[in-house]
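In each ligand, atom 1 is the first atom listed, and ligand 1 is the first ligand listed.
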Amino acid sequence: MKTDRRKFIKSASVLGLVGAFTDLKANEVVAGFSGHISAAEDISYLQQPLPYAYTALEPSIDALTMEIHYTKHAAGYTKNLSDACVAEKVNTAVLPLTSLLASISSYSVKMRNNAGGHYNHEFFWKSLFAPKADNAPKEELSSALQTHFGSIENFKSQFEEAARNRFGSGWAWLVKTPDGKLKVCSTPNQDNPLMDVSECKGVPLLGLDVWEHAYYLKYQNRRPDYIKAWWALINWDVIEQRYKKA
Ligand SMILES: [Fe+2]
């Protein structure tokens, strides 16, 4: 069933037929076999303006890293995603990016790398804000983290471990799993928890880019220092909203 539906989505999008279904939109089709996708934050196929200045995240992340990261690396994923969508005849006006990710095994490696790269970076920028010394999770998410991990410190420790130990390039995540639990995990390259190919599945609440391009200018080989400095940047209001929707 799962494979058949995936094939249907791809075939329909390739043929430009998805838009013809008035009461069976692509995301609802996907939600039928992957319910958590419908609760995930959808993101435009286009790169959005960075919601703050390149200097805004200093000193945790320096302005030059932000500028290169946003204008070169992230912009490159967006362009390559656009090219892949044209080549593979994805109707981006109809198929939500989350639905594309949920059926990514039906597409090329180029699509997988760049759909993930684009989604992950847009998601990442929105998660951050100017550093605050007393930054901490809020309200319902704070309670849930304590319930699932024993304490906020335990959660942070597990997250840091996942980020430190991701071999090579990838991401660390906090997700809400399809069975309603909070979980820390990591994915390689530009994979993410919305992908049907991912070992770590769930609604992403928080993600950390641990590719060297995200930190090397300031931190060089000291990835653990970058991870620790990053906690001050998290916009917990945004993460709280994602949690309430998930
Ligand atoms: Fe990145």
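Checked against salt bridge (charged side-chain N to carboxylate O under 4.0 Å, His left out), K126 has the following partners two or more places apart in sequence or in another chain: E41.
For the Fe ion (ligand 1), protein N, O or S atoms under 2.8 Å: 4 in total.
Below 30°, between 30° and 60°, or above 60°: for W125 and H121 the angle between ring planes is between 30° and 60°, a tilted geometry.
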Apply side-chain contact (heavy atoms from CB on, under 4.5 Å) to the pair K228 and R223, showing each step before the final yes or no.
CA-CA 9 Å; K228 286 208 177 289; R223 186 191 284 188; over 6 Å; no

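No cation-pi contact links R222 to Y215, judged by a cut-off of 6.0 Å to the six-membered ring centre and 45° from its axis.
Identified under the salt bridge (charged side-chain N to carboxylate O under 4.0 Å, His left out) test for residues 108-122, with sequence neighbours left out: R112-D191. Listed by first then second residue, pairs satisfying side-chain hydrogen bond (donor to acceptor under 3.5 Å, both in side chains) with a partner in residues 50-63 read D62-T65, not counting sequence neighbours.
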